[in-house]
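Remarks on the structure that follows.
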Amino acid sequence: MKIKNAGIIGVGTYIPEKIMTNFDFEKIVETTDEWIRTRTGVEERRFASPDQATSDLCIKAAEQALLSAKIKIEDIDMILVATCTPDFQIPSTACIVQKKMGALNAGALDINAACSGFIYGLTLANGLIKSSIYKNILVIGAETLSRVLDMEDRNTCILFGDGAAAVVVSQVESGYGILSTYLGADGDLGEALTIKAGGTRNPITSERIENREQFLSMKGQEVFKFAVKALPNATLQAINMAEISPEDINLVIPHQANVRIIDAASKKLGIPIEKFYMNLNKVGNTSAASIGLALGEALEKGMIKKGENVVLTGFGAGLTYGSLVMKWSY
Ligand code: UT7
């Protein structure tokens, strides 16, 4: 069997209209714009409107990605949706997207690797294309985190936002596309970032709702310590596997969680901070959507050219981490 090269052939993004600034949060919890900016880098984020759920955000980004890839929905043979805020527990958000977009020839699957989800999705798509199982795969990272935020918990509610990013992954010319992928997980740290109630372990009860266990909770410092190690390590693994060196990297697109985590990764890797694309000041942490949103923006600004080496790298609940290196193919 001839091994093919897989790569991104089109990108689309969507962020909801409603802007929530740090000053808006000053009216909700005991916080300040100054604290949020200096501790995280976030200035504002977007929240979905009450009638929008994750699949709606997915579709807006996916429609753009199809246009950019010049491909019809009937040509998509698999839809992978990375999200930890699905429309429902059942059916999957990918199936809702499949139905609403009329993707008559596609399988559909959700991936829950939280903020690493977009990289997990791209890694699966890479394998499925390379092995000739599928031709065109829609990978979407999307979240409506505003629905699971505890607006009484200043440790978490100020960090996150809503959004979606989609890419079409297909065969690309030899030497281009995804050069390496590296994924990992450390389930020992799972409790550091969790929604305690609502699954089969802790079904929703009025007592659990009273304790606000239906919302996201986080041990911020534990996640921070994990991230400053996992992000550079995973990045370096992927760079080594691609048989290039950090100096060959044109642009790093990291998960947009905290500017201090990205700074630490830049120092550890010896890759100048100017090569790290950041948009977290405008969108906050959008979990599975974060890397794709930043990628879409960097492309729109003309910051990625054919033949350049781009690294995507992230970490998130699970805890999970992952990186991949691409030689941009268009
Ligand atoms: O996608 C993965 C998602 N998660 C992450 O990436 C999170 C990784 N962690 C972080 O980014 C940081 O740990 C945070 C930004 C969440 C917190 O920053 P920190 O420097 O680790 O602060 P901290 O948790 O150590 O808290 C320092 C102080 C505490 O007050 P005391 O105990 O020193 O009096 C907190 O209560 O800051 C307080 N604090 C706040 N103050 C004002 C916590 N949140 C806020 C807030 N406004 N929003």
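Note that the coordinates shown come from a computational prediction; the quantities given were computed from them, not determined experimentally. For the single chain, residues carry numbers from 1 onward in sequence order. As the structure lists them, so they are numbered: ligands from 1, and atoms in each ligand from 1.
- Atom CD of Gln52 is separated from atom CG of Asp87 by 11.0 Å, given to the nearest 0.5 angstrom.
- The protein does not reach atom 34 (O) of ligand 1 closely, with no heavy atom under 4.0 angstrom from it.
- Closest to atom 21 (O) of ligand 1 among all protein heavy atoms lies Gln221 CG, 3.5 Å.
- Using the six-membered ring where Trp is involved, Phe315 and His255 have ring planes that are perpendicular, over 60° apart on the 30 and 60° scheme.
- Atom 20 (O) of ligand 1 has its closest protein heavy atom at Arg39 NH2, 2.6 Å.
- Atoms CE and NZ, from Met20 and Lys18 in turn, are 5.5 Å apart once rounded to the nearest 0.5 Å.
- At least one heavy atom of Thr40 sits less than 4.0 Å from an atom of ligand 1.
- Under the 4.5 Å side-chain criterion, counting only non-hydrogen atoms from C-beta, Ile8 is in contact with Met326.
- Protein heavy atom in closest approach to atom 26 (O) of ligand 1: Trp35 CZ2, 4.5 Å.
- Nearest to atom 29 (C) of ligand 1 among the protein's heavy atoms is Arg154 NH2, 4.7 Å.
- Of the protein's non-hydrogen atoms, the one nearest atom 4 (N) of ligand 1 is Met218 SD, 3.3 Å.
- In this structure, NZ on Lys27 lies 6.5 Å from OG1 on Thr21, to the nearest 0.5 angstrom.
- Using a 4.5 Å heavy-atom cutoff, the side chains of Val81 and Ile79 are in contact.
- The shortest contact between atom 11 (O) of ligand 1 and any protein heavy atom is with Asn258 ND2, 2.8 Å.
- For atom 5 (C) of ligand 1, the nearest protein heavy atom (residue, atom name, distance) is Val223 CG1, 3.7 Å.
- Checking only distances, Ile261 never comes within under 3.5 Å of ligand 1, N or O to N or O.
- Atom NZ in Lys275 sits 11.5 Å away from atom CG in Leu269 (nearest 0.5 Å).
- Of the protein's non-hydrogen atoms, the one nearest atom 3 (C) of ligand 1 is Asn285 ND2, 3.4 Å.
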